[in-house]
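Here's the structure we're looking at; comments come further down.
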Amino acid sequence: MAEVRAEERSRASGGLAAAGPIAAFGARMLANVERVIVGKRDVIERTLVALLCEGHILLEDVPGVGKTTLARALARSLGGEFRRIQFTPDLLPSDVGGITYFNQRRGDFEFRPGPVFANVVLADEINRATPRTQSALLEAMEERTVTVEGETMPLPRPFLVLATENPIELEGTFPLPEAQLDRFLLRLSIGYPEEVEEESLLVRFAGPHPLLDLEPVAEPGELAALAAAAREVYLSDDLRRYLTRLVRATRAHDAVELGASPRGTLALGRASQALAALRGRDYVLPDDVKELTGPTLAHRIILSPEARLRGRTVEQLLEEIVAGVPVPVERVEG
């Protein structure tokens, strides 16, 4: 049994100083985005987790469930700049990062920034672009820079990529390689709304689009401090051990061909800290880790051919692993 003193945990995390401003930020953002996105509080919350972790999101879902609307509402609520890139087979890397051209009026070469120079970028149907164009976005995601003609330019901060994939249309697509999938912090699915929620959409969207009246409730500049504060949320030694065992169990399972990478371990730890802070806590609970195991690890795992033939899914596998790894029990003294 893990024994952790409440005052010791509070000192390690800096008290509620780390969680308070983050929880207030999350409450404002959630309420504002929910004016547009109906009944998807968990998806919005996990999007905020990615923002605080300075990570990126892969949205894998069918058309028409609100992926673009979610990205636009997030950018408006944050007060940041939004850009959408429609990925197609003829899209070039210069269409993403920008080009250098000769300005005849000035008599000199000039750089024209591409749509990736924004705070929130929606990479729509990313798997329709060629690997060469995908790699251009990969540099922007990982390094937060764009290199054109040998010159490297930083991207604005915060910088969040929401990339979408359509799982039901496979013709003419270029599946994302494992190395690129591994660079997404979370993979989310919005899903269809409940019947009552879908009915309320008819009322909410009867007049002008709610996005038109959506006002910013935060500033892009404040996110850097909040992201740093999220990393101060207390993660006990027992939870670190538990988290690591969950990830390592994906590599040892008989049904797995490729398990989650150490980058997945870091992603699960940081995401758990951010989720705890958004919920007003200065410490991580095992439930935070469990809740984010699927979104952070599922896209980093490849099942064996035999498991796929039997109809097993990565989600089922992760449920088995979560059920099989012992959860640390905490007793607070004092």
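Numbers here simply count residues along the sequence, with the first being 1. Values reported hereafter were calculated over all heavy atoms of this structure, with side chains retained and with hydrogens, waters and symmetry mates removed.
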Would you say [X]'s side chain and [Y]'s backbone share a donor-acceptor pair under 3.5 angstrom?
| X | Y | answer |
| --- | --- | --- |
| Gln316 | Thr313 | yes |
| Asp238 | Pro328 | no |
| His56 | Val161 | yes |
| Ser135 | Arg132 | yes |

Distance from [X] atom [atom1] to [Y] atom [atom2], nearest 0.5 Å?
| X | Y | atom1 | atom2 | answer |
| --- | --- | --- | --- | --- |
| Leu162 | Leu122 | CG | CG | 6.5 Å |
| Leu303 | Leu258 | CG | CG | 10.5 Å |
| Glu165 | Glu60 | CD | CD | 5.0 Å |
| Glu45 | Glu34 | CD | CD | 10.0 Å |
| Leu186 | Arg46 | CG | CZ | 8.5 Å |
| Thr164 | Leu58 | OG1 | CG | 8.0 Å |

Next item on the list: Could you please spell out the steps behind the side chain to side chain contact (heavy atoms under 4.5 Å, CB included) verdict for Arg240 and Asp237?
Entry: CA-CA 5 Å; Arg240 286 194 185 95; Asp237 292 341; 3.0 Å; yes

Margin query: For a quick check under 3.5 Å, do Thr152 and Thr147 share a side-chain donor-acceptor pair by atom type?
Written below: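 Their side chains do contain a donor-acceptor pair, which is all the 3.5 Å distance test asks for.
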
Note to self: I'd like to know if the side chain of Thr100 pairs up with that of Glu110 as donor and acceptor (distance under 3.5 Å, no hydrogens or angles considered).
What the structure shows: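 The answer is no; no qualifying pair exists.
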
Less than 4.5 Å apart, side chain to side chain, heavy atoms only: is that true for [X] and [Y]?
| X | Y | result |
| --- | --- | --- |
| Pro210 | Arg35 | no |
| Val217 | Leu78 | no |
| Gln134 | Pro177 | yes |
| Arg128 | Thr88 | no |
| Ile85 | Leu91 | yes |
| Pro295 | Leu188 | yes |
| Leu239 | Pro286 | yes |
| Tyr234 | Asp282 | no |

Note to self: I'd like to check the salt bridge (Lys or Arg N to Asp or Glu O under 4.0 Å) partners of Arg105; sequence neighbours left out, ordered by chain and number.
What the structure shows: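 With neighbours one apart ignored, the set is empty.
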
Next item on the list: List the steps and the verdict of side chain to side chain contact (heavy atoms under 4.5 Å, CB included) for Asn119 and Phe82.
Entry: CA-CA 6 Å; Asn119 299 115; Phe82 171 81; over 6 Å; no

Notebook entry, point to check: Run the side chain to side chain contact (heavy atoms under 4.5 Å, CB included) check on Leu275 and Leu52 step by step: do they pass?
Noted result: CA-CA 9 Å; Leu275 182 63; Leu52 290 171; over 6 Å; no

Next item on the list: Keeping to residues at least two apart or across chains, list the side-chain hydrogen bond (donor to acceptor under 3.5 Å, both in side chains) pairs with something in residues 285-299.
Entry: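 side-chain hydrogen bond (donor to acceptor under 3.5 Å, both in side chains) check on residues 285-299 returns Arg279-Glu291, Arg281-Asp288.
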
Notebook entry, point to check: Does Glu54 come within less than 4.0 Å of Arg144, counting only side-chain N to carboxylate O?
Noted result: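 No, no charged N to carboxylate O under 4.0 Å.
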
Notebook entry, point to check: Does a salt bridge link Asp61 with Lys67, judged by any charged N lying under 4.0 Å from a carboxylate O?
Noted result: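 No, Asp61 and Lys67 are not salt-bridged.
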
Checklist line | Intermediate values then yes/no, side chain to side chain contact (heavy atoms under 4.5 Å, CB included), Asn32 and Leu30 | finding: CA-CA 5 Å; Asn32 210 44; Leu30 273 168; over 6 Å; no

Which heavy atom of [X] sits nearest to which heavy atom of [Y], and what is that distance?
| X | Y | result |
| --- | --- | --- |
| Leu278 | Val49 | CD1-CG2, 3.7 Å |
| Phe87 | Ala129 | CD2-CB, 3.2 Å |
| Ala118 | Phe159 | O-CD1, 3.2 Å |
| Gly97 | Val116 | CA-CG1, 4.0 Å |
| Leu185 | Gly55 | CB-CA, 4.0 Å |
| Ile321 | His253 | CG1-CD2, 4.2 Å |

Item checked: Greater than 12 external heavy atoms within 6.0 Å of Tyr192's OH ->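 At most 12 heavy atoms, drawn from other residues, nucleotides or ligands, come within 6.0 Å of this atom.
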
Next item on the list: Kindly check if the number of other-residue, nucleotide or ligand heavy atoms within 6.0 Å of CZ (Arg248) is above 12?
Entry: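 No, CZ of Arg248 has 12 or fewer neighbouring heavy atoms, counting only those of other groups under 6.0 Å.
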
Notebook entry, point to check: Out of curiosity, does Leu297 fall in the hydrophobic cluster containing Leu181 (side-chain heavy atoms, cut-off under 4.5 Å, transitive links)?
Noted result: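 No; Leu297 is not reachable from Leu181 via cluster members.
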
Check: Should Met141 and Leu59 be regarded as members of a common hydrophobic cluster, given that ILVMFWY residues are connected when their side-chain heavy atoms come within less than 4.5 Å of each other, either directly or indirectly?
Finding: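 No, Met141 and Leu59 fall in different hydrophobic clusters.
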
With sequence neighbours excluded, give me every salt bridge (charged side-chain N to carboxylate O under 4.0 Å, His left out) pair touching [range].
| range | answer |
| --- | --- |
| residues 193-220 | none |
| residues 85-95 | none |
| residues 298-321 | Asp182-Arg300, Arg187-Glu315, Arg312-Glu320 |

Notebook entry, point to check: Got a sec, which residues hit side-chain hydrogen bond (donor to acceptor under 3.5 Å, both in side chains) with Thr47, two or more places apart in sequence or on another chain?
Noted result: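 With sequence neighbours excluded, Thr47 shows a side-chain hydrogen bond (donor to acceptor under 3.5 Å, both in side chains) to no residue whatsoever.
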
Next item on the list: Let me see the working for Arg84 and Gln86 under side-chain hydrogen bond (donor to acceptor under 3.5 Å, both in side chains), right down to the final yes or no.
Entry: CA-CA 7 Å; Arg84 178 180 179 273; Gln86 180 62 53; 2.7 Å; yes

